[in-house]
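Data first, discussion second: the structure below is written as structure tokens.
Below, chains carry the letters A, B, ... as their sequence lines are ordered, and counting in each starts from 1.
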2 protein chains.
Amino acid sequence: MSVTLADVAARAGVSAATVSRVLNGNYPVAGATRNRVLRAVEELEYVVNGPASALAAATSDLVGVLVNDIADPFFGIMAGAVQSEIGHATRKLAIVCNTGGSPERELTYLTLLQRQRAAAVVLTGGAVEDPAHGEALAARLRRLDAAGSQVVLCGRPPLGAATAGPHPLTVTFDNRGGARRLTDHLLTLGHRRLGYLAGPAARTTTRHRLEGHRTAMAAAGLADDAERLTAHGAYDRASGYDGALELLRRDPDLTAILAANDTVALGVCAALRDRGLRIPQDVSVTGFDDLPFAVDAMPALTTVRLPLHAAGARAGRLALGREDAPPGGVATFRGDLMVRDSTAPPRR
Amino acid sequence: MSVTLADVAARAGVSAATVSRVLNGNYPVAGATRNRVLRAVEELEYVVNGPASALAAATSDLVGVLVNDIADPFFGIMAGAVQSEIGHATRKLAIVCNTGGSPERELTYLTLLQRQRAAAVVLTGGAVEDPAHGEALAARLRRLDAAGSQVVLCGRPPLGAATAGPHPLTVTFDNRGGARRLTDHLLTLGHRRLGYLAGPAARTTTRHRLEGHRTAMAAAGLADDAERLTAHGAYDRASGYDGALELLRRDPDLTAILAANDTVALGVCAALRDRGLRIPQDVSVTGFDDLPFAVDAMPALTTVRLPLHAAGARAGRLALGREDAPPGGVATFRGDLMVRDSTAPPRR
DNA sequence: GAAAACACAGTAAGCGCTTTCTATCCGTGG
DNA sequence: CCACGGATAGAAAGCGCTTACTGTGTTTTC
């Protein structure tokens, strides 16, 4: 069918073993021989048969990258960083798999990757908090580990301490701290009636951000308000729109809304505008993540910048074993407050 | 090392062949036997060795999807659609590869995919117009085709008629028509001094949109203006910002700017605002693509909606051979004009 | 009731590569 | 001048799976 090692060997007048050694460069081959082989490879347009190679060598060149939503820049940026880190280094192929946020598809993809004997797997994005899923996921990761794949979590918290087996390397964000800083910023501006529009309740990311918010609120003696003025939704624009209206219903005198992330904040802004409220004069709004569009929103969003690219690159290097594991196996990136035009002191 | 077919066979008390047949379901196996095998698979947590399977069957479960920029929703949406179409159907694994718009990396990935013996390859995004690259690319695609991979182009024009060999299936957008409609819209509103901020000159997408624009301008007797008021940039926000300033320098009396796409339009809007110009009262602005954020921009962007999801899904089905090839091997999706708040008649 | 047809299941030959072990050639030191 | 070690290259044994090709009981058919 297609050109094989043997064909190249015949053409170069050497054995298949020699061709393999030239191609993999892990064994001394005389210069003249090597050139002859390389020329034959060129002439025949030989391309290694990956599966055969993976079978014989018992490991493949594939690195899996799982994302919740490939169309969301949050994941796109991280995945792109992982991939570019991997592409830079080796002839390895980073493959991005879109789970659509579904736990089942996450498991399916992990099995598929194990089946491909992936060299490494990077899971990005917030984990689902369902305990049953957590256990199933941990089991799958353990199997991957046992099968020799390096597992790295990126942008999600480490596996719970209760989880059995080896803990995967983790690159995570300080979501609590970010949310706390954002809330403090608003409190410092003088806001007291703050609404919090959280993401899906079952996500760890959501919980951590919410915890950060509550910590700050509690420190200001506003714990009850924080409780009352929290609504949950999805990480999308429509949820932001509906959620803002809901919060306004609960308290028409709200002077600020903290959105779960930038995308949600966009929806919040749209809802406020439709209600005839000005941002930030009437209501301040904050996002989270600092995705590229945050600065272009009108007004430009005050938000927390997550170093998505740096985190993805780090995860990529860890996956390849090109960087030592951080102490405790967990690297945490903090998010910096970006104060822009969507927040201001509340009007009297 | 890990569990193999033979282990499962031993446990189920059958031969390896039978296990393989149960797993692939392409051969009659008695119900009782099948159940025994399935139970053994469960108990041993057996996961097929993909490379071995691919080697023996001479084809893998991998489908490659090439994108220019994974962090850009334009590609993210198409890639997501391809992937969901493929995931729906089969146990195939769609793998998204990020070329970063670099022709070399595009070729590298194609080789890597050929090496993996991918079942199909979908290339999304505008092609680079460099003839040398075009030839190299065509050659690579021919090789993939020869190696048995189904090749599909998505969101890029068909390979030039001059290209030798079999032409890949293509799903494309009517960029010319979209740009024409956009320009006509502005002309109808009464604009005469239109600036066109095009994408990278070397991209086919850029050229087609530009052609559409010029056709409309020429029909209105404004061919010379079109020539004079065209600037090129990248498909990003910064280019929009700089490009808008450049066009304004060329003609301070501009009443409208057509941006290469929505992202560029965002930059244009920022530049105009910084210049103290109001949109659309002083200058009308249009985008292209209708990415999700276009409707959230301030003002909401008048643009052309490209059915990215539908196109990606179609490409996915073609790649899997689950849909007949369109006549001529080319399916064209048109883009609809979405009139929003960023365009208005010019002020007197 | 014997022959032909059928429904399964097993045997075994690869798929194209990697890698261990072995063979060969050559230069070198005693 | 011969034994020896180093540097290369070849032979061959798999890696784990798929899939003709071959059985072997069990129905059907006249």
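Protein atom CZ of B:Arg115 is 13 Å distant from nucleotide atom C1' of C:dG16, rounded to whole Å. Atom CG in B:Asn24 sits about 11 Å away from atom P in D:dC17, given to the nearest Å. One atom, CG of A:Leu55, and another, C1' of D:dG16, lie 6 Å apart when rounded to the nearest Å. Rounded to whole angstrom, the span from the CG atom of B:Leu23 across to the P atom of D:dG16 amounts to 16 Å. Look at CG on A:Asn26: it is 9 Å from P on C:dT18, rounded to the nearest Å. Separating the CG atom of B:Leu5 from the C1' atom of C:dG10 is a distance of 14 Å, rounded to the nearest angstrom.
Note on the helix from C:dG1-D:dC30 to C:dG30-D:dC1: terminal axis deviation equals 40°, with five pairs used at each end and the result rounded to 10°.
Residues satisfying the salt bridge (Lys or Arg N to Asp or Glu O under 4.0 Å) criterion with B:Arg143, sequence neighbours excluded, are A:Glu45. Residues meeting the side chain to side chain contact (heavy atoms under 4.5 Å, CB included) test with B:Ala310, sequence neighbours left out: B:Pro307, B:Phe333.
Inspection of the B:Ser15 and B:Thr18 side chains reveals an N or O donor paired with an N or O acceptor under 3.5 Å.
Proximity of A:Leu66 to A:Leu110: side-chain heavy atoms (C-beta onward) are separated by under 4.5 Å at one or more points. Looking at B:Gln83 and B:Val96, their side chains come closer than 4.5 Å, going by heavy atoms from C-beta outward. Side-chain contact between A:Val67 and A:Thr99 is absent, with no heavy-atom pair separated by less than 4.5 Å. With contacts defined as side-chain heavy-atom distances shorter than 4.5 Å, the pair A:Leu107/A:His133 qualifies.
Applying the salt bridge (Lys or Arg N to Asp or Glu O under 4.0 Å) rule to pairs touching residues 52-72 of chain B yields A:Arg115-B:Asp61, B:Asp61-B:Arg91, sequence neighbours excluded.
Partner of B:Leu112 under the side-chain contact (heavy atoms from CB on, under 4.5 Å) criterion, out of A:Val48, A:Leu62, A:Leu93, A:Val47: A:Leu93 alone.
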Evaluate the salt bridge (charged side-chain N to carboxylate O under 4.0 Å, His left out) criterion for residues A:Glu135 and A:Arg142: first the C-alpha distance (whole Å), next the side-chain angles of each, then the deciding distance (0.1 Å), finally the verdict.
CA-CA 10 Å; A:Glu135 193 33 61; A:Arg142 236 176 287 134; 3.1 Å; yes
Please step through salt bridge (charged side-chain N to carboxylate O under 4.0 Å, His left out) for the pair A:Glu104 and A:Arg140, ending with a clear verdict.
CA-CA 12 Å; A:Glu104 297 79 45; A:Arg140 214 58 130 256; over 6 Å; no
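For DNA chain D, no neighbouring residue in residues 40-52 of chain A is found when judged by any heavy atom under 4.0 Å.
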Strictly under 3.5 Å: I want the nitrogen or oxygen pairs between protein and nucleotides 6-14 of chain D, one per line.
| residue | atom | partner | partner atom | Å |
| --- | --- | --- | --- | --- |
| D:dA9 | OP1 | A:Thr33 | OG1 | 2.4 |
| D:dA9 | OP2 | A:Ala30 | N | 3.0 |
| D:dA9 | N6 | A:Tyr27 | OH | 3.0 |
| D:dG10 | OP2 | A:Ser15 | N | 2.8 |
| D:dG10 | OP2 | A:Ser15 | OG | 3.1 |
| D:dG10 | OP2 | A:Thr18 | OG1 | 2.8 |
| D:dG10 | N7 | A:Arg21 | NH2 | 2.7 |
| D:dG10 | O6 | A:Arg21 | NH1 | 3.3 |
| D:dG10 | O6 | A:Arg21 | NH2 | 3.2 |

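Among the nucleotides D:dG16, C:dG16, D:dT18, the one closest to the side chain of A:Thr4 is C:dG16.
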